[in-house]
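Note sheet for the following structure.
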Amino acid sequence: MKIYNTLTGRKETFSPLTPGTVNMYVCGVTVYDVCHIGHARSAVVFDTIRRYFRYRGFGIRFVKNFTDIDDKIIGRAAKEGIPWDQVAKKYIEKYYEDMHRLGVEDADLEPRATGHIPEIIDIVKGLVEKGHAYVMEGDVYFSVPSFPGYGKLSGRRLEDMLAGARVEVDERKKNPMDFALWKSSKEGEPAWGSPWGPGRPGWHIECSAMVLKHLGETIDIHAGGADLVFPHHENEIAQSEAYTGKPFVRYWMHNGFITVNKEKMSKSLGNFFTLEEILERFDAESVRLFLLQTHYRSPIEFSNEPLEEAEHTLERFYQSLERLEDFLTAGSQGKKECVPAGFEEAEGVLASFRERFMQAMDDDFNTALAIGHIFELVKEINRFLDARPAGPKAEGLMSRAKRELAEAAGVLNVFGRTPAQWQRALLRIKKLGMDEAAIEKLIEERRQARAQKDWARADAIRANLDEKGITLEDKAGSTAWRVKI
RNA sequence: GGCGACGUAGCCAAGUGGUAAGGCAGAGGUCUGCAAAACCUUUAUCCAGCGGUUCGAAUCCGCUCGUCGCCUCCA
């Protein structure tokens with residue numbers, strides 16, 4: 001298995017510290033507002049990676065935090081007129097709601113900054129004792145020049161950063177690059193007691209504390225969005241390694257951004273789309289597929305078009321799955337065995353499928369390629385079924401195909417529903433104003449018209465449904481309806 | 001100003017040394033009462049441009065152009 005490591009800038013063969021088990025920490029969200037599609041990308045990508053590790057037989061301890069105290073939460077509390085911890089609670093709940101819809105599984109552990117104040121204080125104390133941090137009027141700062149490796153993750157040198165001159169000027173810091181480990185609180189702000197007076201933790205220290213407590217001094221994988229590389233992860237390395245004297249993280253993974261008009265989607269630019277509004281218009285599975293159809297490190301341009309394409313892709317998948325299931329359900333009782341000419345080819349594609357799927361995923365979690373392989377198999381299934389096969393040999397092949405698809409689907413956590421569930425979900429999300437019963441009733445009317453060869457009447461019913469967004473498909477013994485995309 | 005990434009068909013997107021996956025859209029065909037779907041054929045002599053390394057490069061190196069990111073909170 002190969003993983004691109006931000007620390008070295010290249011793909012490396014993955015081997016965990018303890019063979020067979022992976023310790024992984026993902027930076028979650030700061031809960032001061034609802035999530036946008038960018039947050040979803042990070043969650044979905046690392047959820048998929050976690051699932052793949054399990055699929056490959058690794059034991060994995062997967063930790064994802066919530067930052068539930070910081071300036072933005074305090075600001076939001078003032079704005080909404082509710083206590084800061086109510087802000088955190090509200091947006092944590094919203095986070096779960098959104099992420100569950102996207103098929104993101106809860107982490108094994110979801111620690112919060114405020115649940116680790118004593119651990120944070122211990123580390124800050126230790127850093128002060130070791131001379132890596134200093135106290136200034138109730139604040140504690142990490143001394144960046146005291147840590148020689150500073151800049152190794154983001155690939156920059158201290159001098160270069162200072163030359164940038166966009167660093168805030170804070171006279172109390174000894175060095176402009178120094179960052180807060182502990183912030184004294186003003187009157188009325190949330191505060192915890194500490195050796196330096198009442199205050200709250202700085203942003204970066206919580207992750208160091210939670211990693212250390214729940215996963216250990218050196219962990220295998222630490223992940224998050226690419227915007228966390230600097231300063232957040234750089235600072236985490238500095239404070240953690242200065243404190244423990246051990247390497248902090250072995251593989252750093254960062255996902256790429258979602259862009260809008262080529263620009264990074266962000267709160268400050270105001271060009272973001274919340275998950276709430278996207279999930280109002282698109283089924284969650286379409287969104288998840290949309291996110292996985294691009295390699296996790298590449299940027300994704302956000303717009304309706306690729307989301308609609310993802311719907312198409314799902315439609316194609318579920319239609320083939322339906323054919324496959326119909327074929328298996330019907331069975332070959334009373335039919336003459338027929339092994340079509342394409343049997344060998346189909347068998348070949350099927351036999352190599354799992355291997356190709358794993359090869360793609362082994363290569364830095366190339367979900368886009370893996371999905372491509374799924375569609376090669378889908379095409380082969382369609383082709384095979386087009387040849388009207390019958391008999392145990394064909395059935396055996398197709399039930400194997402079904403199992404293989406289900407297995408891959410389980411890893412990516414897309415393509416996992418039944419075709420009927422997919423259609424119902426589409427019917428709901430597209431708000432066509434028709435329910436299943438009404439559609440079935442019209443299909444029955446049309447069936448009768450067709451039985452009498454009243455083509456005009458049958459076509460009128462079909463046209464009527466088409467106008468409302470429903471396409472009919474006449475199959476061997478029945479008619480299926482589909483939501484037009 | 002410093003550091004870095006990316007530029008593949010009409011669109012999306014894989015592909016890091018061996019001769020361009022997959023999807024969408026388009027054209028023609030098979031199937032169908034007609035459709036729809038599916039399948040078949042077809043759609044990049046070529047991977048931003050120019051040089052170089054190599055038997056061989058979209059893939060490695062250099063330069064140019066373009067786009068974006070980080071350097072400030074940020075997934």
Side-chain angles (χ1 to χ4, degrees), chain A residues 9-11 26-30 32 35-46 70-72 75 151 154-157 159-168 177 203 223-232 234 254-259 261-269 272 289-290 293-295 297-301 303 305-306 308-313 315-317 319-320 322-323 342 356 360 363 366-376 378-379 381-387 450 453-456 458-459 462-463 466 471-475 479-482 484-485:
Chain A
R10 59 186 52 151
K11 282 186 201 169
V26 179
C27 280
V29 292
T30 300
Y32 73 103
C35 290
H36 64 236
I37 182 77
H39 299 111
R41 183 179 194 187
S42 179
V44 164
V45 158
F46 295 117
D70 92 332
D71 293 349
K72 288 197 294 293
S154 51
R156 54 192 87 200
R157 294 170 308 170
E159 310 88 83
D160 295 340
M161 287 187 270
L162 294 174
R166 281 220 282 160
V167 180
E168 70 181 271
M177 294 309 297
W203 173 33
D227 45 4
L228 297 181
V229 173
F230 190 91
H232 186 238
E234 194 70 71
H254 294 95
N255 66 275
F257 299 126
I258 305 270
T259 59
N261 296 324
K262 301 269 187 182
E263 277 185 321
K264 177 189 170 189
M265 183 184 290
S266 75
K267 286 288 175 80
S268 39
L269 285 169
F272 59 91
L289 181 64
F290 159 73
Q293 268 179 318
T294 301
H295 184 90
R297 284 188 284 115
S298 303
I300 303 183
E301 172 71 11
S303 69
E305 201 180 297
E308 281 162 8
E309 274 198 22
E311 285 182 330
H312 261 112
T313 304
E315 180 68 23
R316 180 171 161 80
F317 180 87
Q319 263 192 61
S320 297
E322 191 171 55
R323 278 187 83 185
R356 284 179 298 139
D363 186 11
N366 194 336
T367 54
L369 182 59
I371 290 166
H373 292 325
I374 288 176
F375 278 91
E376 282 170 37
V378 164
K379 187 179 199 131
I381 291 167
N382 282 326
R383 192 189 313 213
F384 184 73
L385 291 176
D386 271 358
R450 291 182 76 210
K453 295 205 190 295
D454 183 355
W455 307 126
D459 290 352
R462 185 170 63 195
D466 187 78
T471 306
L472 294 189
E473 269 181 45
D474 295 326
K475 302 197 286 185
T479 296
W481 59 269
R482 306 190 186 290
K484 271 205 297 190
I485 294 167

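These numbers were taken from a predicted model, which means no experiment stands behind them. Sequence lines set the chain letters: A, B, ... in the order given, protein chains first and strands last, and positions in each chain run from 1.
- A donor-acceptor distance shorter than 3.5 angstrom exists from the side chain of A/Thr259 to the backbone of A/Ile300, with no hydrogens or angles considered.
- Taking side-chain N and O atoms only, A/Lys264 has a distance below 4.0 Å to OP1 or OP2 of B/C70.
- The base-pairing partner of B/U30, taking Watson-Crick or G-U wobble contacts with both distances under 3.5 Å, is B/A38.
- In this model, no side-chain donor or acceptor of A/Glu376 finds a partner on the base of B/G22 within 3.5 Å.
- For the pair A/Arg316 and A/Phe375, the NZ or CZ position fails the cation-pi test of under 6.0 Å to the six-membered ring centre and within 45 degrees of the ring normal.
- Here, B/G10 and B/G26 have their C1' atoms 9 Å apart, quoted to the whole Å.
- For B/C40, the base has no donor-acceptor partner in the side chain of A/Arg383 [N/O atoms by modelled type, under 3.5 angstrom].
- Donor-acceptor pairing under 3.5 Å, judged by distance alone, is present between the side chain of A/Asp474 and the base of B/C34.
- A donor-acceptor contact under 3.5 angstrom links the side-chain atoms of A/Asp459 to the base of B/G33.
- Taking the charged nitrogens against the carboxylate oxygens, A/Asp459 and A/Arg462 do have a contact shorter than 4.0 Å, which makes a salt bridge.
- Between A/Lys379 and B/C40 there is a side-chain polar atom (N or O) within less than 4.0 angstrom of OP1 or OP2.
- In a base pair of the Watson-Crick type (N1 to N3 plus N6-O4 or O6-N4) or a G-U wobble (N1-O2 and O6-N3), with each distance short of 3.5 Å, B/U53 is matched with no nucleotide.
- For B/A37, the OP1/OP2 oxygens have no side-chain nitrogen or oxygen of A/Arg316 closer than 4.0 Å.
- For B/G2, the base has no donor-acceptor partner in the side chain of A/Arg157 [N/O atoms by modelled type, under 3.5 angstrom].
- Whole-Å rounding puts the A/Asp386 CG to B/C39 P distance at 7 Å.
- The phosphate of B/C39 has OP1 or OP2 within less than 4.0 Å of a side-chain N or O from A/Asn382.
- In this model, a side-chain donor or acceptor of A/Arg462 finds a partner on the base of B/A35 within 3.5 Å.
- Taking the side chain to side chain donor-acceptor pair (under 3.5 Å) definition, one finds that A/Asp474 meets it with A/Arg446, A/Arg450, A/Thr479, sequence neighbours left out.
- Rounded to whole Å, the separation between the P atoms of B/U45 and B/A9 comes to 10 Å.
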